[in-house]
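Quantities reported herein were computed from a predicted structural model and do not represent experimental measurements.
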Amino acid sequence: MSFQLPTPIAIYMDSLNTNDNTVIDGCMANDAHVHDIGEDKHFNGLEAIKKWRGDSNDEFKLRSEVINVEDKHGIVIVTSLTSGNFPGSPQLFYYFFTVANNLISNIEIVPGEENVNLDN
């Protein structure tokens, strides 16, 4: 399924599958913030975010498929079915993106509580 994502968000979501952290420089603000609610961790600034993303992809071997996109009052909510080497895989994740000046300034990542069954 195809969704129209704002360019910086499309770059970020694509990078989950390619594990190419070099593209983060072009899609995120220098002072960007990420809150990974499932891990209860905060990451501030490009270098911290790139390190976290590299470590996460190396450890969990993430694959992400965007299944829905909504814009609510300027916050873009991306629903992603993510699989990899982690308990409960595959699992839905909700990404709440704030974009300013064509760069991501904030991401809140919320794990879904839904039971995902790919056999349906």
Side-chain angles (χ1 to χ4, degrees):
M1 190 172 283
S2 177
F3 297 96
Q4 186 63 34
L5 290 169
T7 300
I9 296 174
I11 292 168
Y12 180 88
M13 294 305 294
D14 287 344
S15 77
L16 290 173
N17 293 322
T18 64
N19 198 19
D20 182 2
N21 293 340
T22 63
V23 301
I24 290 176
D25 290 327
C27 69
M28 298 192 78
N30 287 332
D31 60 350
H33 170 257
V34 173
H35 181 197
D36 183 340
I37 292 173
E39 297 289 324
D40 192 27
K41 294 182 180 174
H42 292 267
F43 304 93
N44 295 297
L46 286 177
E47 293 310 312
I49 293 168
K50 287 194 302 190
K51 180 176 180 346
W52 161 72
R53 277 288 316 286
D55 291 348
S56 292
N57 278 15
D58 289 345
E59 180 180 355
F60 299 119
K61 308 295 185 222
L62 300 175
R63 299 296 301 164
S64 179
E65 177 188 354
V66 174
I67 59 173
N68 193 42
V69 177
E70 298 178 68
D71 187 325
K72 299 280 187 181
H73 308 287
I75 296 174
V76 178
I77 305 165
V78 175
T79 305
S80 169
L81 181 61
T82 302
S83 59
N85 184 24
F86 60 89
S89 175
Q91 186 172 358
L92 288 176
F93 285 87
Y94 301 96
Y95 293 78
F96 295 79
F97 288 93
T98 303
V99 176
N101 300 317
N102 206 34
L103 293 171
I104 298 166
S105 59
N106 190 64
I107 308 172
E108 299 283 332
I109 304 170
V110 181
E113 295 180 6
E114 297 85 349
N115 183 13
V116 177
N117 183 348
L118 294 179
D119 295 330
N120 287 341

*Asks:* About how many Å separate CZ of Phe93 and CG of Leu81, when rounded to the nearest 0.5 Å?
*Replies:* 9.5 Å
*Asks:* Decide yes or no for Tyr12 and Ile107: does some side-chain heavy atom of the first lie under 4.5 Å from some side-chain heavy atom of the second?
*Replies:*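 Side chain of Tyr12 against side chain of Ile107, heavy atoms only: contact under 4.5 Å found.
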*Asks:* So Arg53 and Leu16, do their side chains get closer than 4.5 Å, heavy atoms only?
*Replies:*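 Yes; the side chains approach each other to less than 4.5 Å.
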*Asks:* Would a distance-only check, ignoring hydrogens and angles, find a side-chain to backbone donor-acceptor pair under 3.5 Å from Gln91 to Gly112?
*Replies:*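 Answer holds: yes.
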*Asks:* Is Glu39 close to Ile109 at the side-chain level, that is, under 4.5 Å between some pair of heavy atoms?
*Replies:*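 Contact flag for Ile109/Glu39 side chains = no.
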*Asks:* Is it true that, when you exclude Asn101 itself, more than 12 heavy atoms of the residues, nucleotides or ligands shown sit nearer than 6.0 Å to its CG?
*Replies:* no
*Asks:* Once you round to the nearest 0.5 Å, how far does CH2 of Trp52 lie from CG of Asn21?
*Replies:*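 Between atom CH2 of Trp52 and atom CG of Asn21 there are 9.5 Å.
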*Asks:* Where do Ser105 and Ala29 come nearest, in terms of heavy atoms and distance?
*Replies:*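 That closest heavy-atom pairing would be CA-CB, 4.4 Å.
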*Asks:* Just to verify, which of Val76, Ile24, Val99, Val23 counts as forming a side chain to side chain contact (heavy atoms under 4.5 Å, CB included) with Pro8?
*Replies:* Val99
*Asks:* Atom CD in Glu47, atom CG in Asp25: separation rounded to 0.5 Å?
*Replies:* 7.0 Å
*Asks:* Measure the shortest side-chain to side-chain distance between Ile9 and Tyr95 over non-hydrogen atoms and say whether it is less than 4.5 angstrom.
*Replies:*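 When only atoms from C-beta onward are counted, Tyr95 and Ile9 do not touch, as no gap falls below 4.5 Å.
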*Asks:* If I take atom OG from residue Ser80 and atom CG from residue Asn68, how far apart are they, to the nearest 0.5 angstrom?
*Replies:*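 Going from the OG atom of Ser80 to the CG atom of Asn68 covers 11.0 Å.
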*Asks:* Below 4.5 Å, heavy atoms only, C-beta onward: do Leu62 and Phe86 meet side chain to side chain?
*Replies:* yes
*Asks:* Please report the shortest heavy-atom distance between Asp71 and Gly74, naming the atom on each side.
*Replies:*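 Minimum heavy-atom separation between Asp71 and Gly74: OD1-N, 3.1 Å.
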*Asks:* Rounded to the nearest 0.5 Å, what's the gap from OG1 on Thr82 to CD1 on Ile67? Could you check?
*Replies:* 9.0 Å
*Asks:* Can you tell me how the ring of His35 sits relative to the ring of His33, calling it parallel under 30°, perpendicular over 60° and tilted otherwise?
*Replies:*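 Tilted: the ring planes of His35 and His33 meet at 30° to 60°.
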*Asks:* Is there a side-chain contact between Met28 and Val34 in this structure, where contact means two heavy atoms from C-beta onward sitting under 4.5 Å apart?
*Replies:*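 Yes; the side chains approach each other to less than 4.5 Å.
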*Asks:* With the side chain counted from C-beta on, respond yes when Phe97 and Met13 share a heavy-atom pair under 4.5 Å apart, and no when they do not.
*Replies:* yes
*Asks:* Apply side-chain contact (heavy atoms from CB on, under 4.5 Å) to the pair Ile37 and Glu108, showing each step before the final yes or no.
*Replies:* CA-CA 7 Å; Ile37 292 173; Glu108 299 283 332; 3.9 Å; yes
*Asks:* Please tell me if the side chains of Ile104 and Ile11 come closer than 4.5 Å, counting only heavy atoms from C-beta onward.
*Replies:*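 Sidechains of Ile11 and Ile104: no contact.
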*Asks:* Say you draw a straight line from CG of Leu103 to SG of Cys27; how long is it, rounded to the nearest 0.5 Å?
*Replies:* 8.0 Å
